[in-house]
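In this text the structure is predicted, and so the values were computed from the model without any measurement. Below, read A as the first sequence line, B as the second, and so on, with proteins coming before strands; counting in each chain starts at 1.
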Amino acid sequence: MATSLGAPRLSFSPKTLQALRRTLPLSFSKSLHSKPLLRPSISHSPILLRLPRRRLSSRPSASAGNNSAAASSGGDNYDFDLFTIGAGSGGVRASRFAANFGASVAVCELPFATISSDSTGGVGGTCVLRGCVPKKLMVYASKFSHEFEESHGFGWSYETDPKHDWGTLIANKNAELQRLTGIYKNILKNAGVTLIEGRGKIIDPHTVSVDGKLYSARHILIAVGGRPNMPNIPGIEHAIDSDAALDLSVRPDKIAIVGGGYIAVEFAGIFNGLMSEVHVFIRQKKVLRGFDEEIRDFVGEQMSLRGIEFHTEESPQAITKSEDGSLSLKTNKGTVSGFSHIMFATGRRPNTKNLGLEDVGVKLTNNGAIMVDEYSRTSVESIWAVGDVTDRINLTPVALMEGGAFAKTVFANEPTKPDHREVPSAVFSQPPIGQVGLTEEQAIEEYGDVDVYTANFRPLKATVSGLPDRIYMKLLVCANSGKVLGVHMCGDDSPEIIQGVAIAVKAGLTKAQFDSTVGIHPTAAEELVTMRTPTRKIRRNSSSDEEKVKDAVKSTT
Amino acid sequence: MARKMLRDGETEAYDYDLFVIGAGSGGVRASRTSAGFGAKVAICELPFHPISSETIGGVGGTCVIRGCVPKKILVYGSAFRGEFEDARNFGWELSEDINFNWKKLLNNKTQEIQRLNGIYKRLLTNAGVTMIEGEGKLAGPHEVEVTQPDGSVQKYTAKHILIATGSRAQRVKIPGEELAITSDEALSLEELPKRAVILGGGYIAVEFASIWRGMGATVDLFYRKELPLRGFDDEMRAVVAKNLEGRGIILHPQSTLTELSKTDEGIKVVTDHGDVLVADVVLFATGRAPNTKRLNLAVAGVETDKTGAIKVDEYSCTNIPSIWAVGDVTNRMNLTPVALMEGTCFSKTVFGGEPTKPDYKDIPCAVFSIPPLSVVGLSEQQALEQATSDILVFTSSFTPMKNTISGRQEKTVMKLVVDSATDRVIGASMCGPDAPEIMQGIGVAMKCGATKKQFDSTVGIHPSAAEEFVTMRSVTRRLTVGSKI
């Protein structure tokens with residue numbers, strides 16, 4: 001099937017689709033294609049790609065003759081109703097749900113390894129093996145050193161300062177990852193999904209080859225995720241990426257982290273807590289581009305207070321290795337030497353190479369992501385994609401949502417668009433960040449008249465520990481409707497606190513409704529329901545220069 | 001607006017528009033907001049002391065000086081022991097001898113509450129509220145007499161009087177009761193007990209059990225019921241009991257203490273089962289009573305209920321139109337944020353020209369046991385009692401990620417109670433790390449009638465514990481109207 005592949009994409013309602021499904025006994029994709037449902041996009045719209053119409057039910061299996069490994073469950077000639085390439089968060093979720101809806105499903109995945117490559121991966125994917133889970137375990141491990149410091153103010157002392165044994169942590173972490181990959185395999189098995197180990201490649205719109213073996217499927221789902229990306233500078237072979245950083249055999253004595261995104265700040269916190277000397281090199285003035293500006297300032301300050309050294313507005317140019325094995329990083333501003341490790345956290349790229357996508361006609365974006373419509377369908381009607389490989393919002397729960405929506409759409413007769421609005425997210429920096437909805441900058445751009453409520457306070461624990469830890473909170477409210485547009489927080493427990501708040505924001509609650517909620521005392525979270533006076537009121541009709549904003553601040557405080 | 005009203009004559013006859021007796025959470029809030037509306041306000045409070053009595057108290061009240069704040073500080077302090085245990089499997093090597101210096105913690109805690117006491121005083125000063133030190137009593141519907149620390153008595157008249165004197169810990173009448181302490185003293189003990197016996201099953205009892213256990217004491221907890229925390233969701237009560245036991249607290253359900261006596265080894269404790277224990281400290285956490293005895297309520301004819309709590313209407317007005325009461329002294333829902341709400345509503349009603357009733361629906365609360373419990377809305381049992389349609393219960397019990405490495409055998413348990421007819425979430429509870437922080441946002445969502453569907457449509461924050469609240473897909477059980485659990 002063809003789409004214009006920009007927004008707006010499909011323009012029919014789920015109801016229409018359901019009606020179509022009811023009237024047409026053929027597959028969803030067929031019914032879609034048999035009616036001219038697409039409205040060509042006006043804003044972007046290159047060519048409306050038309051694929052040859054195919055009669056699905058009578059299409060012979062591409063694998064007929066050379067493979068009959070898996071039995072077909074439907075009344076057609078495909079080996080599977082769904083073949084999923086990639087058993088990460090999105091792929092596992094989609095496969096399980098599809099199987100629960102009665103589809104015969106296979107999923108292929110590369111062999112397990114903690115470091116991903118073209119030939120290694122593992123069931124569970126980035127989240128479980130090289131992302132969220134190991135990262136959070138490392139965050140837990142590293143946070144203890146801050147807790148040891150806090151404990152002094154609460155009367156605790158040690159004969160000798162706690163030491164950290166790197167090997168114990170890595171061994172225990174890897175044992176946990178092995179356990180989790182096993183659990184994921186069991187989940188697939190229990191759902192009746194056929195798991196095939198190997199590298200999947202698309203041969204034609206209904207055929208996948210796994211290391212040479214061919215499998216046919218009515219639908220193919222690509223869920224191969226993304227992988228760290230490093231710039232091509234001299235000496236880059238001496239650098240590590242986040243995969244390697246999660247599985248180092250020794251603790252770095254002194255590490256340079258290049259990048260200002262969430263991965264960079266998370267690893268800065270991890271290594272700092274595990275007692276490495278940490279230098280972060282960022283191209284901009286602040287970390288975490290795209291986040292609320294004040295949160296960016298705040299987290300940078302707090303991280304500096306915990307001993308992380310930031311090198312701002314520095315771009316990496318070369319890495320050199322000296323005879324003693326130590327590394328130097330040359331930037332536009334100079335060279336810093338003596339690093340045991342240099343880590344690049346400079347973005348991730350969709351894993352779309354060598355998948356056979358170009359040959360089969362699946363359109364990619366400039367950065368190599370698979371273009372999909374709102375239902376996660378690619379430019380080829382039988383091929384779908386979810387998760388990081390589509391580069392929409394690259395978060396595990398979003399891949400889960402996309403995978404679940406895909407399965408409902410294709411196998412449950414219930415066309416479902418994943419809803420990418422008001423997706424909450426967290427950065428497990430130390431201190432961590434939680435956020436949902438718009439940043440102040442976005443809110444002003446979109447709504448013009450915005451009331452900004454902020455709080456910046458020393459939490460109770462810090463008053464006794466004596467440490468300089470603080471908490472920052474921000475609530476953005478539409479001045480006209482009273483609706484809460486965004487909530488941002490940096491400080492202990494922010495990710496846990498924001499989850500419940502996100503339900504409220506998603507439900508479209510107003511500031512008055514926040515205020516009517518009684519606090520839980522004494523918590524940090526109660527501050528979110530006790531912000532009575534706006535810190536500033538931004539109004540569209542007042543000029544946007546700084547002075548006016550400052551006046552507004554004065555008049556409301 | 002309010003100011004103008006007040007200037008219209010009548011006010012001039014009184015010393016103040018409002019006289020508040022008691023500068024705790026409710027009293028301070030009411031004073032400040034009333035002053036903000038333009039009222040002329042005075043407030044009296046007893047001199048500062050960590051342990052309260054008839055003649056000592058302090059600006060800030062129970063919450064700041066003898067409740068929430070010092071308690072939470074001690075919980076923070078004691079929680080480190082668990083952290084040290086958990087740290088080992090994450091690769092941390094700690095020396096065998098970890099020392100805990102109770103005096104240092106006590107000192108830092110006292111410093112912090114003194115700082116807060118000062119902040120509260122400044123808040124009142126900055127709001128233009130007159131502070132008077134001494135014990136306030138009613139002298140009439142518009143008159144208060146204050147006995148100052150030097151014994152002198154001063155009388156003040158006011159258009160409105162607000163009673164916000166709070167409550168105090170109660171003792172059990174058994175032989176040797178004077179050997180036991182209450183939570184006031186427990187927060188300021190000179191020596192950390194090695195052997196603690198606690199009587200009571202409420203939140204104060206389980207919180208102190210966690211605190212002392214975390215600081216290394218052996219703790220024996222006695223309570224009348226099968227499970228602690230009566231009034232909370234039964235399933236969550238069982239989880240708390242299991243966790244307390246898992247952390248090494250010795251539980252004695254369905255038992256009580258019958259006699260205390262002093263011996264050379266410590267306090268001899270006899271139970272109703274005939275057991276004998278020896279303890280360094282015996283804590284009575286057996287409820288609190290409103291501070292109404294010395295207020296001379298009869299002089300003005302203010303009515304109280306059987307428990308001694310002041311009777312008030314929905315606007316916090318007593319049976320005497322010029323006398324009002326907020327907070328624990330009215331024994332409605334004895335929580336700081338509720339006293340704050342009542343105080344604010346009082347001010348709006350009386351001085352803001354905006355009659356406002358405090359709203360007691362879906363008030364979240366927390367028990368700072370280790371790990372903590374937090375709830376909002378109805379328990380499963382309450383939901384079933386009030387049900388007009390079937391109740392759907394969603395539960396999740398899981399090993400928190402940290403414990404997968406630390407090896408701690410403790411599960412986090414969450415529950416959502418949903419009305420099947422409206423799909424509204426009518427109750428939520430959680431026992432596990434960070435529960436109180438997590439429940440605040442859930443409380444916001446529930447306060448506005450969020451449906452289960454709206455919970456489900458919220459994307460999770462991964463990896464967090466809280467994300468479980470938005471990923472509970474299948475019903476654990478369905479309770480039909482009229483059924484019994």
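Separating the NZ atom in B:K104 from the NE2 atom in A:H152 is a distance of 7.5 Å, to the nearest 0.5 Å. Taking CG of B:D456 as the reference point, atom NZ of A:K506 lies at 11.5 Å (rounded to 0.5 Å). For the atom pair B:T404 OG1 and A:L180 CG, the distance stands at 7.0 Å (nearest 0.5 Å). To the nearest 0.5 Å, the span separating NZ on B:K447 from CZ on A:F514 amounts to 13.5 Å. Here the CD1-SG distance, from A:I503 to B:C448, works out to 11.5 Å after rounding to the nearest 0.5 Å. Distance CG/B:L94 to OH/A:Y158: 6.5 Å, rounded to 0.5 Å.
Comparing A:M138, A:K461, A:E422 by how many heavy-atom pairs each has under 4.5 Å with chain B, the most go to A:K461. If you tally non-hydrogen atom pairs under 4.5 Å between each of B:S464, B:P433, B:P463 and chain A, the highest count goes to B:P463. Each of B:D359, B:T451, B:N99, B:N101 has some count of heavy-atom pairs under 4.5 Å with chain A, and the biggest count is that of B:N99. Of the listed residues (A:V139, A:L509, A:D161), the one with the most heavy-atom contacts under 4.5 Å to chain B is A:L509. Heavy-atom pairs under 4.5 Å with chain A peak, among B:G443, B:S95, B:S78, at B:S95. When the candidates B:E437, B:E83, B:R81, B:H462 are compared by the number of heavy-atom contacts under 4.5 Å with chain A, B:E437 comes out ahead. Ranked by heavy-atom pairs under 4.5 Å with chain A, the first of B:P436, B:A450, B:A366 is B:P436. Your options are A:T396, A:T168, A:T530, A:T463, and the one with the most heavy-atom pairs under 4.5 Å with chain B is A:T463. For the set A:G466, A:A175, A:G167, A:S145, the count of heavy-atom pairs under 4.5 angstrom toward chain B peaks at A:S145. The choice from A:V501, A:D493, A:D419, A:V423 that makes the most heavy-atom pairs within less than 4.5 Å of chain B is A:D493. Ranked by heavy-atom pairs under 4.5 Å with chain B, the list A:K143, A:H164, A:E150 is led by A:H164.
Of all heavy-atom pairs between B:Q440 and A:E526, the closest is OE1-CA, 3.4 Å. Shortest non-hydrogen contact noted between B:V69 and A:P522 is N-CG, 4.5 Å. Shown here for A:P397 and B:G460, the closest heavy-atom pair between the two residues is CG-O, 3.2 Å. Considering all non-hydrogen atoms of both residues, B:I405 and A:N172 come closest at CD1-O, 3.4 Å. Considering every non-hydrogen atom in both B:W92 and A:A141, the closest pair reads NE1-O, 2.8 Å. Of all non-hydrogen atoms in A:Q499 and B:I461, the two that sit nearest each other are OE1-N, 2.6 Å.
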Checklist entry - Does the side chain to side chain contact (heavy atoms under 4.5 Å, CB included) test come out yes or no for A:T523 and B:F368, once each step is laid out? => result CA-CA 10 Å; A:T523 61; B:F368 289 92; 4.2 Å; yes
Next on the checklist: For B:F80 and A:F144: C-alpha separation, side-chain torsions, deciding distance, then whether ring pair (Phe, Tyr, Trp, His ring centres under 6.0 Å) applies.
Outcome noted: CA-CA 10 Å; B:F80 285 109; A:F144 285 111; over 10 Å; no
Next on the checklist: Checking B:Y76 against A:L460 for the side chain to side chain contact (heavy atoms under 4.5 Å, CB included) test, could you report, in this order, the C-alpha distance in whole Å, the side-chain angles of both residues, the deciding distance, and whether it holds?
Outcome noted: CA-CA 9 Å; B:Y76 277 132; A:L460 183 58; 4.3 Å; yes
Next on the checklist: For B:S374 and A:I520: C-alpha separation, side-chain torsions, deciding distance, then whether side chain to side chain contact (heavy atoms under 4.5 Å, CB included) applies.
Outcome noted: CA-CA 9 Å; B:S374 190; A:I520 299 179; 3.7 Å; yes
Item to check | Verdict with reasoning, A:V529 to B:V444, per side chain to side chain contact (heavy atoms under 4.5 Å, CB included) | outcome: CA-CA 8 Å; A:V529 298; B:V444 178; 3.5 Å; yes
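No part of A:V436 comes within reach of chain B, as not one of its non-hydrogen atoms sits under 4.5 angstrom from that chain. Neither the backbone nor the side chain of B:M446 comes within less than 4.5 Å of any heavy atom of chain A. Contacts of B:R115 with chain A are made by side-chain atoms alone, with heavy-atom separations under 4.5 Å and no backbone atom involved. If you measure heavy-atom distances from A:R421 to chain B, you find no contacts under 4.5 Å at all. When heavy atoms are compared at a cutoff of 4.5 Å, B:D97 approaches chain A by way of both its backbone and its side chain. The contact between B:M341 and chain A is made entirely by side chain atoms (from C-beta outward), counting heavy-atom distances below 4.5 Å. Of the atoms belonging to B:E112, it is side-chain heavy atoms, and not backbone ones, that fall under 4.5 Å from chain A. Using a 4.5 Å cut-off between heavy atoms, A:E496 touches chain B through backbone and side chain atoms alike. Both the backbone and the side chain of A:I497 come within contact range of chain B, each with at least one heavy atom under 4.5 Å from a heavy atom of that chain. In this structure, the portion of B:T336 lying under 4.5 Å from any heavy atom of chain A is its side chain and not its backbone. Contact annotation for B:F469: neither backbone nor side-chain heavy atoms come within less than 4.5 Å of a heavy atom of chain A. A:L400 does not touch chain B: none of its heavy atoms, backbone or side chain, sits under 4.5 Å away.
B:V459 has its side chain within reach of A:P424: a pair of non-hydrogen atoms, C-beta onward, lies under 4.5 Å apart. Two residues are said to be in side-chain contact when any heavy atoms from C-beta on lie closer than 4.5 Å; B:L105 and A:W156 fail this criterion. The side-chain heavy atoms of A:S157 and B:F100, taken from C-beta on, include no pair separated by under 4.5 Å. With contacts defined as side-chain heavy-atom distances shorter than 4.5 Å, the pair A:H521/B:L335 does not qualify.
The aromatic rings of B:F90 and A:Y140 lie tilted to each other, with the angle between the two planes from 30° to 60°.
Residue B:R424 places its CZ atom among 12 or fewer non-hydrogen atoms of other residues, nucleotides or ligands, all under 6.0 Å distant.
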